[in-house]
Amino acid sequence: MMKATVIYEDRFDIGANKAFELTMQWLRSQHKAKIKKTTPYNFIEAKQGTMMANTGHDPNWKKKIRISFYQLEQNKILVRVEATPLSRNIFRIEKLKQSWYNGLFSHYFSILQTAQETKIKEDILKKEPITQTITKYCPNCGKEVDKNAIICPRCGVDII
C-alpha cells in the first residue's frame with residue numbers, strides 16, 4: 001500500500017501551442033475537472049474527479065494531474081501526463097494505470113493523435129487557408145462552437 005503517481009507519455013508532431021490549446025479544451029470537458037495552474041506551452045496542473053467514486057482505480061476518482069509539454073526537434077513535442085490519486089493509498093499500481101488510461105487518458109491522447117493526423121493531411125495537400133467565415137456546430141447537441149474547437153464546451157463531445 002503506497003501513494004503512487006502514474007505516468008503516460010507520447011510524442012506528437014503538432015507543436016506545443018496546439019497541444020496546450022487542445023489539452024485545455026479536453027480538461028474543461030472532463031467530469032469535475034478544475035485547472036489550478038498553467039504556464040502556456042509548458043505545463044498545466046489540474047484536479048479531476050470526485051471522492052464519491054467507488055475505488056481509487058475508478059477513472060473518476062479524485063486525482064492531481066500535471067501535463068507537461070517538452071519541445072523536441074522542429075515542431076515535435078513530448079507530452080507527459082502525471083496523475084496522482086488524492087486521499088487514497090493504492091495497492092495495485094498497474095491496475096490503476098491501466099484503468100485511468102482506458103477510462104480517461106486514452107481519449108486525451110486520441111485527440112492529440114487526431115490533430116497530428118489532420119496536420120499531416122493538410123501538409124500533404126498544401127491547402128490554402130480558407131478566408132471565408134465557417135460556422136461550426138456540435139454534431140451531438142447542435143450548439144454553435146468556435147471554428148477551432150475540437151470538443152463541444154456544452155456537452156463535451158468530440159467535434160473533429
Side-chain angles (χ1 to χ4, degrees), residues 1-121 138-141 145-146 148-160:
M1 183 165 73
M2 68 176 116
K3 287 283 186 183
T5 297
V6 293
I7 298 171
Y8 313 92
E9 292 182 337
D10 208 345
R11 295 170 190 252
F12 298 95
D13 186 12
I14 57 174
N17 56 345
K18 183 69 172 176
F20 185 87
E21 173 188 318
L22 294 173
T23 302
M24 292 292 284
Q25 286 186 40
W26 174 78
L27 276 168
R28 288 185 187 114
S29 74
Q30 294 308 300
H31 175 70
K32 298 271 188 176
K34 292 184 180 157
I35 297 168
K36 297 293 187 178
K37 185 177 180 182
T38 64
T39 298
Y41 319 127
N42 289 319
F43 75 90
I44 301 168
E45 289 181 356
K47 288 186 179 174
Q48 184 274 333
T50 176
M51 296 301 230
M52 301 305 286
N54 293 332
T55 69
H57 298 124
D58 186 310
N60 284 316
W61 182 256
K62 192 163 191 145
K63 68 190 76 55
K64 177 181 166 189
I65 302 170
R66 180 180 174 97
I67 303 174
S68 303
F69 308 93
Y70 300 99
Q71 190 68 48
L72 304 174
E73 69 280 353
Q74 297 172 340
N75 204 32
K76 294 180 173 61
I77 59 156
L78 172 73
V79 176
R80 178 184 176 104
V81 176
E82 299 171 63
T84 305
L86 300 175
S87 293
R88 174 85 40 132
N89 288 322
I90 300 301
F91 294 98
R92 298 173 57 201
I93 294 173
E94 283 308 311
K95 181 178 178 183
L96 170 77
K97 186 173 185 173
Q98 190 64 43
S99 174
W100 281 5
Y101 184 80
N102 291 341
L104 184 66
F105 296 114
S106 64
H107 179 241
Y108 168 61
F109 282 110
S110 71
I111 289 168
L112 296 178
Q113 183 66 37
T114 300
Q116 176 177 278
E117 290 166 5
T118 301
K119 180 188 175 298
I120 291 169
K121 288 176 187 173
C138 173
N140 185 51
C141 69
V145 297
D146 182 84
N148 296 320
I150 60 148
I151 299 171
C152 178
R154 177 194 232 173
C155 67
V157 169
D158 292 351
I159 298 174
I160 292 181

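If you read the sequence from its start, that first residue is 1, and numbering goes on from there. Values reported hereafter were calculated over all heavy atoms of this structure, with side chains retained and with hydrogens, waters and symmetry mates removed.
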Quiz prompt | F109: partners by ring pair (Phe, Tyr, Trp, His ring centres under 6.0 Å), with sequence neighbours left out | solution = none
Quiz item: Taking only residues two or more places apart in sequence or in another chain, which ones pass side chain to side chain contact (heavy atoms under 4.5 Å, CB included) with S106?
Solution: Y101
Quiz item: With sequence neighbours excluded, what pairs up with K119 under the salt bridge (Lys or Arg N to Asp or Glu O under 4.0 Å) test?
Solution: D123
Quiz item: Which heavy-atom pair separates I35 from A46 by the least distance, and what is that distance?
Solution: CA-CB, 4.0 Å
Practice problem: Could you tell me the separation between the NZ atom of K76 and the CD atom of Q71, rounded to the nearest 0.5 Å? | Solution: 10.5 Å
Exercise. Could you tell me whether the side chain of E82 and the main chain of V6 form a donor-acceptor pair under 3.5 Å?
Key: no
Practice problem: Applying side chain to side chain contact (heavy atoms under 4.5 Å, CB included), name anything that partners Q113, two or more places apart in sequence or on another chain. | Solution: F12, Q116, E117
Quiz item: Out of curiosity, I7 CD1 to R66 CZ, how far, rounded to the nearest 0.5 Å?
Solution: 11.5 Å
Quiz item: Got a sec, which residues hit side chain to side chain contact (heavy atoms under 4.5 Å, CB included) with T84, two or more places apart in sequence or on another chain?
Solution: T5
Quiz prompt | Contact check, side chains of V79 and D10, non-hydrogen atoms, under 4.5 Å | solution = no
Quiz item: For the residue pair P85 and W61, what are the closest heavy atoms and their distance?
Solution: CB-CD1, 4.1 Å
Self-check item: Minimum heavy-atom distance between N148 and E21, given as atom pair plus value
Solution: O-OE2, 4.0 Å
Practice problem: Can you sort out the partners of F69 under ring pair (Phe, Tyr, Trp, His ring centres under 6.0 Å), two or more places apart, ordered by chain and number? | Solution: F20
Quiz item: Taking side chain as C-beta onward, heavy atoms only, is Y8 less than 4.5 Å from K97?
Solution: yes
Self-check item: Pairs touching residues 26-44 that satisfy side chain to side chain donor-acceptor pair (under 3.5 Å), sequence neighbours left out
Solution: W26-H107
Quiz item: So do the side chains of I111 and I151 get within less than 4.5 Å of each other, counting heavy atoms only?
Solution: yes
Quiz prompt | Atom of G15, atom of I77 and distance for their closest heavy-atom approach | solution = C-CG2, 3.8 Å
Quiz item: In chain order, what residues pass the side chain to side chain contact (heavy atoms under 4.5 Å, CB included) check against L78, with sequence neighbours excluded?
Solution: E9, R11, Y70, L72
Quiz item: Given side chains that start at C-beta, do those of T50 and K62 come closer than 4.5 Å, heavy atoms only?
Solution: no
Quiz item: What pair of heavy atoms forms the shortest contact from I14 to A115, and how long is it?
Solution: CG2-C, 3.8 Å
Self-check item: Residues that Q98 engages under side chain to side chain donor-acceptor pair (under 3.5 Å), provided they are two or more places apart
Solution: N102
Quiz item: Say you draw a straight line from NZ of K18 to CG of D13; how long is it, rounded to the nearest 0.5 Å?
Solution: 13.0 Å
Quiz item: Just how far is it from atom CD1 of I65 to atom CH2 of W100, taken to the nearest 0.5 Å?
Solution: 8.0 Å
Exercise. For the pair Q25 (side chain) and I150 (backbone), establish whether a donor and an acceptor sit closer than 3.5 Å, ignoring hydrogens and angles.
Key: yes
